Amino acid sequence: MEFIDYPTLKMVWWLLVGILWLGFAMTEGFDMGVGILLPFVGKSDEERRVAINAVAPHWDGNQVWLILAAGAVFAAWPILYATAFSGFYLALMLMLFSLFFRPVGFDYRSKLEHKQWRSTWDWGLFIAGVVPPLILGVAFGNLFLGIPFHYDDYLRSYYEGNFFGLLHPFAVLSGLLAISMFTMHGGAYLMMRTRDDVQSRARKYTQWAALAVLGLFIIEGIWLYFGIDGYVITSVIDQAAPANPLNKTVEIVEGGWFNNYSEYPLTMIAPVVGIAAAAGAYLMAKLNNAGTAFAFTTVSMFAIILTGAFALFPFVFPSSTDPSHSLTIWDAASSELTLSIMLFATVLFIPIILIYTVWCYVKLWGSYGVEDIRANEHSLY
């Protein structure tokens, strides 16, 4: 990959990391969304099994996107990975422990015909659906507020915050937006993959979640514009230099998070599409057009995530205690050799992952109803 210069490699990896997180949002978004809706769309054990079987064959494959995205952050921006774990350690551990409910919940939930046993695992799957988007949303919201960290001359990081300091109302609102997006996406998926009462309830919750996404996204945009100052690089930064976040000057200015939208007007497409697609998801769910509703939920999530990414660029981890120590894609990246090897591996393996993922969905596609559970008592989850 020597034909790609170092600054271009850094930009390519900003795009690729973003694509991996979008892949996570699309795939894990609907299966975690199903987990969120599980206690509500299923009024009986059989109906909850209908919802579970819509995602159970795919959840572990979907989780590959989370592993890939986290691994890409570690390899592409190691200083970001190390610093983030210092600040978000407890939150990330909570997310990890919540994910433990998924494999055991899917595999053991229906092993015993005991009401309390199954109900416990249903709520475990609910927790595994709610906690990850909540924590990721809160973390993303905190990026706009700045993270209380700085470095010494030896690039040792010092975190000056605590877990509860991350629960700023704006960040919590971001977490609720993430939960709403996953719920909307999961509801639209259930509309496609279930029948009868489960499908009807999923349709209702998809509409409610789409309205929540609309409202929360608009409120966040207004809050960010009028109430939160943004970060701006005010010195020359060497885009080809090795990782060193100490060689720049950053200032906090009013409306700074909207500078990229002024400088690159095409980026305004993202928030507009995010709002329009959420409205489209609501309308299509109301009209019971499941496939189109799912397409709109996907587009809305992508656009909303890109809205935040475009606003933050080139920052990936802003610092509130010393803004000039904020991490950007230019001064937090791995070496040119590392990024080149990673790019080669990505070009080789991502198409393989996409092919087997699509193949699995094609082979296992179909809708489920209570009669399918009764007819396959010992073969379905």
Side-chain angles (χ1 to χ4, degrees), residues 26-59 62 102 105-130 179-213 278 280-298 300 360-381:
M26 178 183 176
T27 56
E28 286 278 63
F30 65 72
D31 72 39
M32 287 184 178
V34 170
I36 295 170
L37 290 172
L38 181 60
F40 311 106
V41 297
K43 299 302 183 182
S44 67
D45 176 67
E46 290 177 330
E47 287 182 345
R48 287 189 287 275
R49 288 185 67 188
V50 168
I52 288 171
N53 277 277
V55 294
H58 307 293
W59 75 268
N62 292 344
R102 286 160 66 77
F106 283 122
D107 287 341
Y108 294 126
R109 182 227 180 252
S110 297
K111 297 298 184 183
L112 296 179
E113 293 186 16
H114 189 280
K115 182 177 180 181
Q116 188 58 48
W117 170 269
R118 294 187 175 187
S119 177
T120 299
W121 288 118
D122 289 342
W123 285 105
L125 291 171
F126 170 82
I127 291 170
V130 168
I179 291 174
S180 299
M181 290 193 300
F182 278 33
T183 304
M184 173 183 70
H185 200 43
Y189 181 79
L190 283 176
M191 287 176 62
M192 294 190 299
R193 299 298 307 273
T194 62
R195 302 191 296 271
D196 306 321
D197 289 340
V198 175
Q199 197 267 358
S200 178
R201 295 187 194 109
R203 177 187 170 196
K204 176 181 66 176
Y205 286 115
T206 302
Q207 295 174 62
W208 290 357
L211 291 177
V213 169
Y282 169 80
L283 180 61
M284 291 299 104
K286 190 175 182 65
L287 296 175
N288 202 23
N289 191 330
T292 308
F294 184 79
F296 273 123
T297 63
T298 303
S300 179
C360 288
Y361 279 98
V362 169
K363 291 297 181 181
L364 297 173
W365 193 259
S367 62
Y368 292 95
V370 171
E371 63 275 12
D372 297 304
I373 301 297
R374 294 171 180 168
N376 301 275
E377 179 65 29
H378 299 293
S379 60
L380 293 178
Y381 287 89

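Remember, it's a predicted structure, so these values are computed and weren't measured experimentally. Computation of the quantities below employed the complete heavy-atom set of this structure, encompassing side-chain atoms and omitting hydrogens, waters and symmetry-equivalent molecules.
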Min side-chain heavy-atom separation R49-Y368 under 4.5 Å:
no
So among I179, L211, T297, which one has a side-chain contact (heavy atoms from CB on, under 4.5 Å) with M184?
T297
R102 vs E28, test: side-chain contact (heavy atoms from CB on, under 4.5 Å). Steps then yes/no.
CA-CA 12 Å; R102 286 160 66 77; E28 286 278 63; 2.8 Å; yes
Could you tell me whether the side chain of H58 reaches within less than 4.5 Å of the side chain of D31, counting heavy atoms only?
no
Could you tell me whether Y108 atom OH has more than 12 heavy atoms of other residues or ligands within 6.0 Å of it?
no
Pair M32-H185, side-chain contact (heavy atoms from CB on, under 4.5 Å): steps then yes or no
CA-CA 9 Å; M32 287 184 178; H185 200 43; over 6 Å; no
Between CD1 of I36 and CZ of F30, what distance do you get to the nearest 0.5 Å?
13.5 Å
Does some side-chain heavy atom of T183 sit less than 4.5 Å from a side-chain heavy atom of V213?
no
Looking only at side-chain N and O atoms, does R201 offer a donor or acceptor that is under 3.5 Å from a partner on Y205?
no
Working to the nearest 0.5 angstrom, can you tell me the gap between Q199 CD and R193 CZ?
13.0 Å
Pairwise side-chain contact, V370 with D196, heavy-atom cut-off 4.5 Å (strictly under)
no
For the residue pair L190 and A202, what are the closest heavy atoms and their distance?
CB-CB, 3.6 Å
Scanning both residues in full, the closest heavy-atom pair of L364 with P57 reads CD1-CB, 3.7 Å
Nearest 0.5 Å, what's the NZ-CG distance between K43 and D197?
10.5 Å
CZ (R195) and OG (S200) are apart, to the nearest 0.5 Å, by 14.5 Å
For the residue pair G35 and P39, what are the closest heavy atoms and their distance?
O-CD, 3.8 Å
K286 NZ: over 12 foreign heavy atoms closer than 6.0 Å:
no
Less than 4.5 Å apart, side chain to side chain, heavy atoms only: is that true for E47 and T194?
no
If I compare all heavy atoms of A212 with all of S180, which pair ends up nearest, and what's the gap?
CB-OG, 3.7 Å
If every non-hydrogen atom of M192 is compared with every non-hydrogen atom of S367, which pair is closest and at what distance?
O-CB, 4.1 Å
Please examine the side chains of R109 and Y381, heavy atoms only from C-beta on, and report whether any two atoms are closer than 4.5 Å.
no
Minimum heavy-atom distance A285-T206, with the two atoms named:
CB-CG2, 3.9 Å
Drop me the distance from L38's CG to W121's CH2, to the nearest 0.5 angstrom.
13.5 Å
Are R118 and S110 close enough, and set up right, to give a side-chain contact (heavy atoms from CB on, under 4.5 Å), and what steps lead you there?
CA-CA 7 Å; R118 294 187 175 187; S110 297; 4.2 Å; yes
Side chain proximity check, F106 to V55, heavy atoms < 4.5 angstrom
yes
Aromatic plane relationship, W123 with F40 - under 30° parallel, 30 to 60° tilted, over 60° perpendicular
perpendicular
Does Y282 reach the side chain of F296, with side-chain heavy atoms less than 4.5 Å apart?
no
Interatomic spacing from OH in Y189 to OG1 in T27 - rounded to 0.5 Å
10.5 Å
Could D45 and K115 be called an ion pair, given the rule that one side-chain N must be under 4.0 Å from one carboxylate O?
no
